[in-house]
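In what follows, a structure is listed as structure tokens, so that the remarks can point back to it.
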Amino acid sequence: MKFEEIRKVPDYDGKKIALRGWVYRHRAGKGVVFIVLRDSTGTVQCTAKGKEYEKAEPLLIESAITIEGTVKKDERAPGGYEVQVDKLGIVHAAERFPITKDQSKEFLRDVRHLWVRSQPMAATLKIRSTVFGAIDDFFRDRGYYEFQSPIFTMTAAEGGSTLFEVDYFGKKAFLAQTWQLYAEAAIFGLEKIYTIAPSFRAEKSSTSRHLTEFWHAEVETAWQDFDALQKQGEELVSFIVQRVLEGHRAELEILGVDIKALEKVKPPFPRLTYKEALEKLEKHGMKVPYGKDLRTKEEKKLCAMYGKPVIVTHYPKEVKAFYMKEAPGDTVLGFDMLVPHVGEIIGGSERETSIEELEKRLAKEGETFEDYGFYMDTRKYGSVPHSGLGLGIDRVVQWICGLDSIHEAIGFPRTMDRISP
Ligand code: 4AD
Ligand code: MG
């Protein structure tokens with residue numbers, strides 16, 4: 001018999017079926033063992049009696065088994081169907097599973113290699129897979145090429161304080177914080193490019209939204225101005241959310257997500273300048289001195305005011321990266337997209353094309369100009385206006401799935417205090 005997926009059980013009412021999976025729940029009653037069997041597609045209650053009772057009775061949860069039996073509609077069974085077992089096969093009788101109810105988040109991280117099979121983790125990882133696919137489709141459908149940049153680099157792009165240093169045959173090199181500087185060179189051949197790759201930041205604090213290794217979707221577009229860039233960010237995020245809503249009602253329900261709030265994620269998103277954001281915050285009792293970057297709690301507050309993603313533009317130069325195009329009033333043509341509960345999910349900008357301005361800004365950051373020679377060349381030979389953005393995929397998953405921490409948004413998180421399992 002061919003093994004069927006558990007989600008197909010209702011199609012077999014009154015018929016024979018073969019299933020395989022893991023024991024999710026186990027209860028021995030009088031003359032009958034109730035097993036809730038789980039595979040990657042769902043769960044179903046199975047009942048074992050007689051000869052099969054003897055085999056089923058000693059099984060511990062997470063044992064791997066096969067079942068042949070008959071599907072019966074039964075109101076009392078979770079999901080409305082149960083399988084009456086004719087034949088039970090034991091593939092592997094599990095040892096006592098270390099995860100029981102109500103264990104601390106920290107313990108669950110210690111045994112993440114076992115916790116990845118839990119319902120909330122599996123639901124999250126399925127949604128995460130769809131998010132990755134949606135990003136690819138979004139850009140490829142719009143004529144973008146996928147372009148890869150190196151992970152070993154010699155330059156900082158997002159500030160020196162979060163660089164991971166590596167010994168590169170006696171030379172000091174760094175793990176890439178972003179693909180951007182290489183992307184800005186590659187647009188001269190390809191014009192419209194994107195990537196999905198890990199980025200590395202030596203984040204020295206453990207927060208609910210920082211990983212040291214995170215998955216970064218980045219895009220760079222020749223000839224594109226700041227306004228079109230913001231639209232692109234808005235459309236990308238709405239597209240991702242739409243895809244998740246189309247394919248993952250069941251998973252969103254397992255995670256207890258507010259689906260109505262996600263349905264409201266449609267362009268345009270409210271846009272305000274940094275200055276306007278400070279005014280709004282002050283009205284709500286949060287005073288931020290001009291020139292200070294917004295902190296997570298302030299970002300969250302702004303989103304709470306609108307109940308949807310918000311775009312904040314024109315930050316002061318000094319809080320943003322050296323490559324962002326200068327705008328009047330010592331601000332930049334850069335934006336952050338903020339979402340409820342998480343804060344920043346996108347950073348993007350039109351790029352500065354003036355070499356003099358770039359040099360000044362690099363010097364201010366204490367960077368040595370020589371290391372950036374290749375980057376300056378992109379401004380010497382047919383320089384054109386261009387813009388791009390980076391989206392933190394783990395944060396997007398955290399937001400969509402309503403997770404308290406980014407650690408729950410990825411299979412095996414990397415943070416300052418965790419590099420295993
Ligand atoms: O705002 P950031 O630093 O922008 C850049 O890296 C640009 N070079 C992107 C570009 O224009 N091509 O990072 C972009 C996004 C952030 O908005 C955030 O969502 C995510 O990357 N991010 C992190 N996610 C998890 N853990 C961290 N430590 C992150 N640092 C940034
Ligand atoms: Mg940023």
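Heads up: numbering here begins at 1 and tracks the sequence. In each ligand, atom 1 is the first atom listed, and ligand 1 is the first ligand listed.
- Within the structure, ligand 1 has I345 among the residues with a heavy atom less than 4.0 angstrom away.
- Contacts between F200 and ligand 1, counted as non-hydrogen atom pairs separated by less than 4.0 Å, are absent for every part of the residue.
- At a cut-off of 2.8 Å, E158 does not coordinate the Mg ion (ligand 2) through any N, O or S atom.
- Put simply, no part of A157 is less than 4.0 Å from ligand 1, judged by heavy atoms.
- Qualifying salt bridge (charged side-chain N to carboxylate O under 4.0 Å, His left out) partners for R76, counting only residues two or more places apart in sequence or in other chains: D74.
- Of all atoms in ligand 1, listed by their number and element, those nearer than 4.0 Å to a heavy atom of I346 are 17 (O).
- If you look at R351 next to ligand 1, the close heavy atoms, those under 4.0 Å, all belong to the side chain.
- The nearest heavy-atom contact from the protein to atom 5 (C) of ligand 1 is E158 OE2, 3.2 Å.
- Here E344 has heavy atoms under 4.0 Å from ligand 1 in both its backbone and its side chain.
- No part of M337 comes within 4.0 Å of ligand 1, judged by heavy-atom distances.
- For the ligand labelled ligand 1, residue I406 lies inside the 4.0 Å heavy-atom shell.
- When each of E357, E359, E365 is paired with R361, the side chain to side chain donor-acceptor pair (under 3.5 Å) condition holds for E357 and for no other.
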